[in-house]
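One structure below.
Here, residue 1 is the first one in the sequence, and each next residue gets the next number. The figures here come from the full heavy-atom set of this structure, side chains too, leaving out hydrogens, waters and symmetry mates.
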Amino acid sequence: MKKLTFPKYTEQQFDIAAPSQWRMRGLRGATTVSHNSVEAITEAVDELLDALEANNSLDFTEIVSVTFSATSDLDAIFPAAVARRRPGWNEVPLLDVQQMQVVGSLELCIRVLIHLNTPLPQNKLRHVYLRRAAQLRPDLALLS
């Protein structure tokens with residue numbers, strides 16, 4: 001499958017010195033894992049965060065907090081524990097929660113909500129949905 005890429009925004013496109021342009025925004029993403037193991041969860045979380053960082057030029061110093069949710073069939077490792085291993089992410093407030101169980105919903109799924117300070121308007125953020133999680137938001141899916 002093809003991988004979609006989005007334009008990156010540079011500081012020159014926004015007057016970052018003007019505090020009135022900075023807002024807290026929400027950035028979403030999701031992925032799935034092949035099975036419940038430390039290795040599979042680690043691979044999926046790293047892939048998801050890599051894609052979010054690459055498509056949004058994320059700076060961990062601008063991240064306010066991150067909430068991961070996982071379906072009840074995933075309990076081998078906390079997604080936040082994986083994120084905490086990334087350079088700089090040990091300073092970011094991270095939280096794991098269990099996704100609400102809904103009959104027929106996607107299994108083996110990890111979702112993330114990142115709150116960050118940015119001069120970008122909400123509609124310029126690039127949400128990322130990978131693997132089978134692409135069916136949750138086909139309009140926002142990255143094909144890999």
Side-chain angles (χ1 to χ4, degrees), residues 3-34 36-102 104-144:
K3 185 174 183 179
L4 300 178
T5 59
F6 300 96
K8 293 183 180 178
Y9 297 92
T10 63
E11 293 177 5
Q12 293 82 15
Q13 291 173 295
F14 299 93
D15 181 8
I16 63 169
S20 64
Q21 288 187 350
W22 283 77
R23 298 280 188 268
M24 187 179 357
R25 307 286 187 205
L27 180 60
R28 288 293 319 266
T31 190
T32 55
V33 300
S34 57
N36 182 31
S37 73
V38 171
E39 297 78 18
I41 293 170
T42 298
E43 176 186 316
V45 170
D46 280 337
E47 179 185 39
L48 178 60
L49 294 178
D50 286 346
L52 285 163
E53 287 179 358
N55 285 285
N56 292 282
S57 299
L58 282 185
D59 178 348
F60 68 87
T61 63
E62 296 167 356
I63 297 175
V64 175
S65 65
V66 179
T67 302
F68 291 93
S69 70
T71 50
S72 61
D73 48 10
L74 296 176
D75 61 6
I77 188 172
F78 292 109
V82 175
R84 200 168 283 115
R85 298 175 185 168
R86 300 171 73 84
W89 282 69
N90 61 328
E91 299 295 323
V92 175
L94 304 170
L95 176 68
D96 289 296
V97 298
Q98 188 174 72
Q99 184 70 29
M100 187 175 110
Q101 293 181 345
V102 175
S105 63
L106 187 60
E107 297 176 342
L108 300 168
C109 186
I110 298 168
R111 294 170 173 87
V112 65
L113 173 60
I114 300 174
H115 290 108
L116 69 151
N117 291 311
T118 180
L120 295 175
Q122 185 69 48
N123 66 357
K124 296 298 182 192
L125 294 177
R126 302 295 178 219
H127 309 279
V128 174
Y129 289 77
L130 303 174
R131 302 180 184 190
R132 290 183 304 117
Q135 67 186 322
L136 298 172
R137 290 294 307 265
D139 56 322
L140 301 175
L142 288 186
L143 305 175
S144 54

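- Side-chain contact between Leu27 and His127: present, with at least one pair of heavy atoms (C-beta onward) separated by less than 4.5 Å.
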Sequence neighbours excluded and cut-off under 3.5 Å, please list the side-chain donor-acceptor pairs for residues 61-68, or say none.
{"unit_1": "Thr61", "atom_1": "OG1", "unit_2": "Asp59", "atom_2": "OD1", "d": "2.8"}
{"unit_1": "Thr61", "atom_1": "OG1", "unit_2": "Asp59", "atom_2": "OD2", "d": "3.0"}

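- Side-chain contact between Thr31 and Arg132 is absent, with no heavy atoms from C-beta onward closer than 4.5 Å.
- Minimum heavy-atom separation, Leu113 to Gly26: CD1-CA, 4.2 Å.
- Of the possible polar contacts, none joining the Asn36 side chain to the Leu74 backbone as a donor-acceptor pair under 3.5 Å is found.
- Sorted by first and then second residue, the pairs that involve residues 63-86 and meet salt bridge (charged side-chain N to carboxylate O under 4.0 Å, His left out), not counting sequence neighbours, are Asp46-Arg86, Asp50-Arg86, Glu53-Arg86.
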Problem set entry | Pair Leu106-Thr71, side chain to side chain contact (heavy atoms under 4.5 Å, CB included): steps then yes or no | CA-CA 8 Å; Leu106 187 60; Thr71 50; over 6 Å; no

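- Put simply, the side chain of Leu49 reaches to within 4.5 Å of the side chain of Trp89, judged on heavy atoms.
- A donor-acceptor contact closer than 3.5 angstrom links the side chains of Ser72 and Gln101.
- No side-chain heavy atom of His115 sits less than 4.5 Å from a side-chain heavy atom of Arg25.
- Listed for the Arg131 side chain is a donor-acceptor partner under 3.5 Å among the backbone atoms of Thr32.
- When atom types are taken as modelled, the side chain of Arg28 and the backbone of Val112 share a donor-acceptor pair closer than 3.5 angstrom.
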Quick one: side chains of residues 91-100, donor-acceptor pairs under 3.5 Å with protein atoms, not counting sequence neighbours, listed by atom name and distance.
{"unit_1": "Asp96", "atom_1": "OD1", "unit_2": "Ala80", "atom_2": "N", "d": "3.1"}
{"unit_1": "Asp96", "atom_1": "OD2", "unit_2": "Ala80", "atom_2": "N", "d": "3.4"}
{"unit_1": "Gln99", "atom_1": "OE1", "unit_2": "Ser69", "atom_2": "OG", "d": "2.5"}

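- Applying side chain to side chain contact (heavy atoms under 4.5 Å, CB included) to Glu47 and the options Leu52, Val128, Leu130, Thr42 leaves one that passes, Leu130.
- Looking at every heavy atom in both residues, Val33 comes nearest to Ala40 through CG1-O, 3.6 Å.
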